[in-house]
Amino acid sequence: MSVRPVIIVAGVGNGTGTGAATARVFSKAGYRVALVARNADHLKKTTADLAQAGGETASFPVAEYSYSAVSAVVKAIKAHQWPTPEKAEIRVALWNAGSAVWKPFLDITEEELDKVVSSTVVAPFAFAHEVLAAFKENAEDALGKRGTLLFTGATASLRGNTTTSAFAAGKFALRALSQSLNKEFGKQNIHVAHAVIDGGILTDLSLSRRTDPAASKQWKEDGNVRIDPESIAKSYLYLANQDRSAWTWELDLRPAHEKW
């Protein structure tokens, strides 16, 4: 029986950011796409958009990013019956969810801290646990790998700042998890990679935060100063297509004029 690969994308937002772009890029490359997010309406829209473009996709909403909820949703994806007859194998998985708490330290609440820990420590740990178990069941493909697990990081994965005490703590943890998993599972031909997204990403939300219409239009149209989510997605596909002789653990992406 022929095999068709599946990518799981966890963290889709409203369909204008990195998660949805990754779904589109991998769908065009022939992958089935399993979408995971907390907002069921956003999932439905992104799923419908992919289907309209000819992709094979399914949505899996979760009420929260708890260990049990994330474990259960990945199990549901493993058991999902796709409409076409090819055997389904989970070959790529992306953890793209997070909680953007940007506040002075003394203003951060326990609830906000819990959201950060859930989305950058607890949930990705559960996600990786189920995904890596699925990868171990796969045979090595032509690239010499059983699967690729990707994590979306940020500038805060590498350094803290005045309002990122919670956000950076979570991103540091996610980066450490990815590095540890890369070292542990590389010998089993499972590729784990972390992407540092060092710059503003062009999304509906990022545009809405710019109140000056002229400045917003200029920022939107100038690829020198912001990152196109489609470009991030293409980089993720590049990581998934790396053969075993040259794997990237960490990739950093920024626009041409970003100060770093």
Side-chain angles (χ1 to χ4, degrees), residues 1-13 15 18-38 40 42-62 65 69-97 123-124 126-152 178 181 185 188-193 195 232-244 247:
M1 179 183 291
S2 60
V3 174
R4 188 170 179 189
V6 175
I7 179 174
I8 305 175
V9 179
V12 179
T18 302
T22 301
R24 289 191 296 270
V25 166
F26 276 80
S27 181
K28 290 176 183 176
Y31 284 74
R32 289 171 168 140
V33 179
L35 299 173
V36 178
R38 288 173 292 188
H42 289 165
L43 275 181
K44 288 178 182 177
K45 181 181 183 303
T46 304
T47 300
D49 290 345
L50 288 170
Q52 188 174 10
E56 191 172 353
T57 182
S59 60
F60 298 85
V62 290
Y65 285 139
V70 171
S71 293
V73 80
V74 178
K75 286 183 171 72
I77 293 168
K78 292 178 184 179
H80 182 69
Q81 296 297 311
W82 297 89
T84 52
E86 299 98 333
K87 179 185 177 184
E89 286 185 355
I90 299 171
R91 285 285 175 171
V92 182
L94 167 65
W95 185 262
N96 184 63
F127 184 74
H129 192 277
E130 294 297 332
V131 165
L132 291 167
F135 287 168
K136 284 169 68 69
E137 296 176 3
N138 296 337
E140 291 179 25
D141 62 13
L143 298 171
K145 63 169 66 176
R146 291 189 164 89
T148 304
L149 175 58
L150 304 170
F151 294 93
T152 298
S178 73
L181 296 179
F185 288 92
Q188 299 175 50
N189 290 77
I190 293 171
H191 184 189
V192 181
I232 298 173
K234 290 175 182 176
S235 295
Y236 287 166
L237 183 61
Y238 159 73
L239 291 171
N241 287 335
Q242 286 184 328
D243 72 83
R244 62 185 167 189
W247 281 358

Across all chains, not counting sequence neighbours, the ring-ring contact (aromatic ring centres under 6.0 Å, His included) partners of F26 are Y31
| request: State, with a plain yes or no, whether a side-chain heavy atom of R32 is found less than 4.5 Å away from one of T84. | output: yes
dist E89:CD -> F135:CZ (nearest 0.5 Å) comes out at 10.5 Å
Sorted by chain and number, sequence neighbours left out, side-chain contact (heavy atoms from CB on, under 4.5 Å) with E140 holds for R146, N189, R244
Residues at least two apart in sequence or cross-chain that pass side-chain contact (heavy atoms from CB on, under 4.5 Å) with A123, listed by chain then number, are Y65, V70, W95
Heavy atoms of V33 and S27 approach each other most closely as CG2-CB, 3.9 Å
A21 meets the side-chain contact (heavy atoms from CB on, under 4.5 Å) criterion, sequence neighbours left out, with R24, P229, E230, A233
Taking every heavy atom of I90 against every heavy atom of A134, the minimum-distance pair comes out as CD1-CB, 4.3 Å
Between G15 and T46, the two heavy atoms sitting closest are CA-OG1, 3.7 Å
With sequence neighbours left out, the residues meeting side-chain contact (heavy atoms from CB on, under 4.5 Å) with A76 are F60
* K145 side-chain N/O to Q242 backbone N/O, donor-acceptor pair under 3.5 Å -> yes
Shortest non-hydrogen pair, V192 vs S178, comes out as CG1-O, 3.5 Å
When rounded to the nearest 0.5 Å, the distance separating OG1 of T47 from CG of L35 is 4.5 Å
Rounded to the nearest 0.5 Å, the OG1 atom of T152 sits from the CD1 atom of I232 at a distance of 7.5 Å
**Asked** Can you tell me if NE2 on H129 sees more than 12 non-hydrogen neighbours from other groups inside 6.0 Å?
**Response** no
Salt bridge (Lys or Arg N to Asp or Glu O under 4.0 Å) filter on K45, not counting sequence neighbours, yields D49
Here the gap from L132 atom CG to F185 atom CZ, rounded to the nearest 0.5 Å, amounts to 4.5 Å
Quick one: does F151's side chain get under 4.5 Å of L181's, heavy atoms only?
yes
Output for pair (L150 CG, T18 OG1), nearest 0.5 Å, gives 12.0 Å
*Apply side-chain contact (heavy atoms from CB on, under 4.5 Å) to D141 and V3, showing your working.*
CA-CA 11 Å; D141 62 13; V3 174; over 6 Å; no
Taken to the nearest 0.5 Å, the spacing of H191 NE2 from N241 CG works out to 11.0 Å
Inset, instruction - Side-chain contact test, heavy atoms from C-beta onward, threshold under 4.5 Å: evaluate it for T22 versus I7 and give yes or no. - result: yes
Nearest heavy-atom contact between F127 and A10 is CE1-CB, 4.0 Å
Heavy-atom closest pair (S59 atom, L43 atom, distance to 0.1 Å) is CB-CB, 4.0 Å
- Where do N138 and R91 land on the side-chain contact (heavy atoms from CB on, under 4.5 Å) test, with the steps shown first? CA-CA 8 Å; N138 296 337; R91 285 285 175 171; 3.5 Å; yes
